[in-house]
Structure formats: structure tokens, C-alpha cells
2 protein chains.
Amino acid sequence: MDLEEHTKIPQATAKRLPLYYRFLNNLHGQGKMRVSSKELSEAVKVDSATIRRDFSYFGALGKKGYGYNVEYLLSFFRKTLDQDETTKVALIGVGNLGTAFLNYNFTKNNNTKIEIAFDASRERVGSEVGGVRVEHIDDMEEKMGDLAVAILTVPASEAQGIADRLVDAGVSAILNFTPARITVPSHVRVHHIDLAIELQALVYFLKHYPLDEEEEE
Amino acid sequence: MDLEEHTKIPQATAKRLPLYYRFLNNLHGQGKMRVSSKELSEAVKVDSATIRRDFSYFGALGKKGYGYNVEYLLSFFRKTLDQDETTKVALIGVGNLGTAFLNYNFTKNNNTKIEIAFDASRERVGSEVGGVRVEHIDDMEEKMGDLAVAILTVPASEAQGIADRLVDAGVSAILNFTPARITVPSHVRVHHIDLAIELQALVYFLKHYPLDEEEEE
DNA sequence: GGCTAGACGTTAAAGATTTCACAAACTCAG
DNA sequence: CTGAGTTTGTGAAATCTTTAACGTCTAGCC
Ligand SMILES: NC(=O)c1ccc[n+]([C@@H]2O[C@H](COP(=O)([O-])OP(=O)(O)OC[C@H]3O[C@@H](n4cnc5c(N)ncnc54)[C@H](O)[C@@H]3O)[C@@H](O)[C@H]2O)c1
Ligand SMILES: NC(=O)c1ccc[n+]([C@@H]2O[C@H](COP(=O)([O-])OP(=O)(O)OC[C@H]3O[C@@H](n4cnc5c(N)ncnc54)[C@H](O)[C@@H]3O)[C@@H](O)[C@H]2O)c1
């Protein structure tokens, strides 16, 4: 019943929910009591109609002529986004990117935490990075426990092999930062974040999709 | 004329072009002469009809009953993606993420290169990271030259201030890794990459959008 | 030279997402 | 208590994107 409701929410909306949640948190921290879709729109750079539409998938959360009650909205999204339970995450590949993530560790206002990290390099294994213990990749299956989510920051050539092992170890979601497009069974969810491509795409848009003329402010 | 043609290409297609290019490069490196949309589809995980459609925006690049000539396609995309000229990029904020990017530097098969980096911390300034000199942020305007693209990896609280200065310095595209949604004039293009949100969204999908039942391979 | 299998390019349909625009419902000042 | 002013929630339209389906053309074989 609960799940079915959620299943109807468009993916595009679902991707914006954490953004809304974060900003509502800020507002709440500032002691703000109410907020309109217009205000929110300016802050998160999403059209106000889109915001109202997004919220409406969850029912009537606001009041006409008033806007949204920050506290109410926040507590609603806290439930919706499962902010009360922390999802434990594994990170594979403690190199440049992996180290950056471990130091950051998404803990600020998040419900995710990197619990354990793995690497193949003997020099890294046994150390702690950002408070997270680095284990040897050979011990992955043994030490990973029942973590459901993994961040993949190994060299591209290793990606598929490690992904296969992750799947066998019971992982059901992978955030893949390698350029390799990995193949997994259909019950596993993979999101690719391909930073090199993001940069190239930005440059392409810059050159081929002119925006407004330059105008001095 | 040339520009107008490109302007008609859907954004979704444009974002996939660097991906195609990278894979074609791999194929070419392996000495492969021809490739079909089906093969490409399996490698980059994009529906083959979508690939054919994407390519068709540029005209008839393939041959029926044969597929695409790798060399031809590659040289076509090289032109289209301006792979021959290197776009110089500045990076602001040499912290965890910034350091990772500098060490990587997108140089592998890319047309982008981080030329210069800036930071506020006296200990970092003057050093080199990944072969890139780190300058003090106070000297940014003076030392940036005419770079058009910047990567922003400063703390969120600094993001808007630095963005304003980047715009004044003539930057027209910003890749923003901070959680702050920055405001810029309409002639400046900003892409947000919000890693914390990507992770949260993945977890949300995992919990609320069940995929196929688990099945043993 | 003719035939078969394969693969493109494209039309059209379906699906997803965004945006417009406005009636209804509310707030708040006076 | 009233009325002016806000702001929601949502049909309907517009836009963008993906996918299916297939006619057409080519390669390669016999
Ligand atoms: N650093 C960046 O800015 C950047 C940008 C875009 C893409 N990427 C991609 O992200 C990935 C990681 O990049 P990076 O710069 O951190 O690379 P890196 O070489 O610094 O780190 C890779 C780490 O993985 C470890 N490793 C190697 N094989 C392993 C294995 N089989 N099991 C476990 N660990 C293993 C290595 O010891 C190393 O610590 C790469 O695929 C890269 O292409 C990185
Ligand atoms: N590291 C991650 O994994 C991660 C993940 C998600 C988001 N982010 C975001 O990316 C940004 C950078 O993250 P980080 O972990 O690298 O942070 P960091 O604190 O390690 O690095 C920030 C760097 O910016 C420099 N800096 C501060 N003020 C500056 C200024 N005014 N001008 C120039 N440089 C200045 C600091 O000296 C520091 O070196 C942050 O906004 C963070 O929220 C990081």
C-alpha cells in the first residue's frame, strides 16, 4: 500500500526530493516557519509549478494563500526519505576519489554513512581514512556483512570484476564513478556518475548551445 | 549555419555524445573497423534505437546492412566534440575533491585540461598538485587569463561569492560540486553535480522502486 | 547475378516531464 | 466580518525523450 503510492512518483520528482529536504532543513535551522513554492523555487532553481506538482504527488501538503509549513513539510519528507534510519555503505577503491569521499563521508545532514572501505594496495590496507577502516579487497565478502549499497571508485579495468563480486555478496545498489558501464543482474540498481563526461558535456553545451547574449549586470 | 544545425540536437542526445566518443575510441584502439548500433548499445547501455536516433541528428553516418565505420564515426565526432582543441579549465578549492580532480586531470582521452587552481589556504598556495600550480584566490582575477570554464570545489558557504567573481572574470561555464545552488547571469551556464544527493537518490530508489525479483544467476 | 540476413534511418506512437493558467481556498489587515 | 491579495493544487497543453516497427538498402555468399 505504502510502496504502491511511492511507485507512482515520477523518477524526476524522486531525484529532487533530497534537494528539497536539504533546503527545508536549512530553513528550519534559520527558524523559518513557512515557505511558498516561489521562495523555494528561487533557492533550489526549480520552477515553482514543478515544485507544487512534485509535492502534490504526496497529497495536499500546503495551504492555499499561505504556503507550506516548514516543520510539517520537513517531518513529512523525513519519513518519506527514511531520514531516521542510516543506510550503511561500502566504498571500494581508496584512491583519489575514494579518499575524498571517505574524508567527506556524507554524514552532515544525511542518512547515509560509509561504514567500511576496501582497497587492493597493501599500503592502504589497515589504515583509517576519514575514520573508516580500510580492509583488503580479498576479504571483502567476509567483512562486508549485509551492506546493500556500494560506491565504486576503482580503476575502470577492475570495475566489472568488482561489481560481479559485489552482486554476489548481496549488494543491490552501486554508485559507479568509473567510466566503465558495468553489467549487473536486473535486480541490482546502478547509477553512473561519469565526471569526465559531465565536464565534456558542459564544454559541448558551452560551444554549441549559446545562451542569452552577454549583458553587463 | 553550423551552429543552427547543432542547436537542434536534443540535450539528452548531446549528453550522450562524449560517451559514444569514448567508446568509439576504445574500439578504434582495439583495431575494430565496424560496429553496429546493437553492439554499441550493449557496451554503453543505451537502447540501440536511441543510438541510431542520436546519430541520425547528424545525418546518415552509417550504412544499412553494415553498421558504422568506426574510423569515420570517430573522426566525425572528433570534429563535432571539438576534440582537437583543448579547453582550458580553472579549479577553485583544492580540498578533498579538488585534489582528486587535479590528480586525475581528465587528460586521458579528453579535450579538457585543468590549467590552474586557486585556494585560500596559505599552505596549499605555491605548491603543485597533479602538475597544476595552486595560486592564491586573491590573485584569481589577475592570473586567470581568459579561461571560460571553472570547476567549483570550495565549501558551500563560499560558492556564491566565488561564482560572482568567476562571472566577473569572464567565465561562462561552471561545474559546481558544492551543495549551494548558485545564481548567475543568464549568459553563464552552470551544471550542478551534487554527490550527496546522488547517493541519497540511489538509496531512495533502492527502497521505493523495487526492481525485478532477486533471481540467482 | 541473385538471394538472404542484417542493420540503418525514420515515421509514428508512447511515455515522461515541464509549464501554463486559473478556480478555489486561505490569510490577514482594517 | 469583509474584501483584497496570496498561493495552492491541478486540468490541460506543450515539450522533450524513448521506444517500437518496418521499409529500404547493403554486404557477402553461393
Ligand atoms: N579522480 C578523479 O577525478 C576521477 C574523475 C573521473 C573519473 N574517475 C574514475 O574514478 C575511478 C577512481 O579514480 P581515482 O582517481 O580515485 O583512481 P586511483 O587510481 O587514485 O584509485 C584507485 C584505487 O583503487 C585501488 N584498486 C585497484 N584495483 C583494485 C581492486 N581490484 N580492488 C580494490 N581496489 C583496487 C587502487 O589501489 C587505488 O587506491 C577511476 O575509474 C577513474 O577513471 C576519477
Ligand atoms: N569531498 C566530497 O566527497 C564531497 C561530496 C559531496 C559534496 N562535496 C562538496 O564539495 C565541496 C568541496 O568539498 P571538499 O571535501 O573538497 O572540501 P574541503 O574543505 O576539503 O576543500 C575546500 C577547499 O576550498 C578552499 N577554500 C575555502 N575557501 C575558499 C575560498 N574563498 N577561495 C578559494 N578556496 C577556498 C579550502 O582551503 C579547501 O582547500 C564542498 O562544497 C562540499 O560540500 C564534497
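Letters go in sequence order (proteins before strands), and every chain restarts at 1.
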Enumerate the protein-to-nucleotides 20-24 of chain D contacts in which both atoms are nitrogen or oxygen and the separation is below 3.5 Å.
{"residue": "D:dA21", "atom": "N6", "partner": "B:Arg52", "partner atom": "NH2", "Å": "3.4"}
{"residue": "D:dG23", "atom": "N2", "partner": "B:Lys64", "partner atom": "NZ", "Å": "3.4"}

Query raised in the report: With no hydrogens and no angle check, is any side-chain donor or acceptor of A:Asp47 less than 3.5 Å from a backbone partner on A:Ile51?
Result: no
Query raised in the report: Which is true for B:Thr50 with a 4.0 Å heavy-atom rule: it touches a base, it touches only sugar-phosphate, or it touches nothing?
Result: base
Query raised in the report: So, A:Arg22 and B:Asp194, do they make that salt bridge, N to O below 4.0 Å?
Result: yes
Query raised in the report: Any donor and acceptor pair, going by atom type alone, linking the side chain of A:Asn96 with main-chain N or O of B:Asn103 inside 3.5 Å?
Result: no
Report task. Check whether any side-chain nitrogen or oxygen of A:Arg34 sits under 4.0 Å from OP1 or OP2 of C:dC28, and answer yes or no. Result -> yes
Report task. Using five pairs at either end of the helix from C:dG1-D:dC30 to C:dG30-D:dC1, determine the angle between the two local helix axes and round it to 10 degrees. Result -> 10°
Query raised in the report: Under 4.0 Å between a Lys/Arg side-chain N and an Asp/Glu carboxylate O for B:Arg34 and B:Glu39?
Result: no
Query raised in the report: Expressed in angstrom and rounded to an integer, what is the separation of A:Leu61 atom CG from D:dG9 atom P?
Result: 7 Å
**Report entry** Minimum heavy-atom distance between A:Val132 and A:Ile114, given as atom pair plus value
**Finding:** CG2-O, 3.5 Å
Query raised in the report: Whole-Å distance between D:dC16 C1' and B:Lys15 NZ?
Result: 12 Å
Query raised in the report: Between the main-chain N or O of B:Ile9 and the side-chain N or O of A:Tyr209, is there a donor-acceptor pair closer than 3.5 Å?
Result: yes
**Report entry** Donor-acceptor under 3.5 Å (B:His187 side chain, A:Pro210 main chain)
**Finding:** no
**Report entry** Any A:Arg16 side-chain N or O less than 4.0 Å from OP1/OP2 of C:dT18
**Finding:** yes
Report summary line: To the nearest angstrom, the NZ-C1' distance between A:Lys38 and D:dG5 comes to 13 Å
Report task. Assign B:Phe55 to base, sugar-phosphate, or nothing according to its heavy-atom contacts below 4.0 angstrom with the strands shown. Result -> nothing
Query raised in the report: Between C:dG9 and B:Tyr68, is there an OP1 or OP2 to side-chain N/O distance shorter than 4.0 Å?
Result: yes
Report task. Quick one: pull up OG in A:Ser48 and CG in A:Asp54 and give me the separation to the nearest 0.5 Å. Result -> 11.0 Å
**Report entry** Sole candidate of B:Lys113, B:Met144, B:Glu115 that passes side-chain contact (heavy atoms from CB on, under 4.5 Å) when paired with B:Lys88
**Finding:** B:Glu115
Query raised in the report: Within this structure, what is the CD1-to-P distance between B:Ile9 and D:dT17, rounded to whole angstrom?
Result: 12 Å
Report task. Could you check how far CG of B:Asn69 sits from P of C:dC8, rounded to whole Å? Result -> 13 Å
Query raised in the report: Mapping A:Thr13 and A:Lys63 to their closest nucleotides on DNA chain C, which lands nearer the 5' end?
Result: A:Thr13
Query - Nucleotide nearest A:Ala60 (side chain, heavy atoms from C-beta), chosen from D:dT7, D:dG9, C:dT18 - result: D:dG9
Requested in this report: Whole angstrom is fine here: how far is it from OH in B:Tyr57 over to P in D:dC16?
Outcome: 11 Å
Query raised in the report: Looking only at side-chain N and O atoms, does A:Ser37 come under 4.0 Å of OP1 or OP2 in D:dT7?
Result: no
Report summary line: Result for 5'-nearest mapping on DNA chain C, choosing between A:Gly65 and A:Asp54, is A:Asp54
Query - A:Ala43: side-chain contact (heavy atoms from CB on, under 4.5 Å) partners, not counting sequence neighbours - result: A:Phe23
Query raised in the report: Starting at CD1 of A:Ile51 and ending at P of C:dT17, how long is that distance when rounded to a whole Å?
Result: 17 Å
Report task. Mind calculating the distance between NZ (B:Lys8) and C1' (D:dC16) to the nearest angstrom? Result -> 16 Å
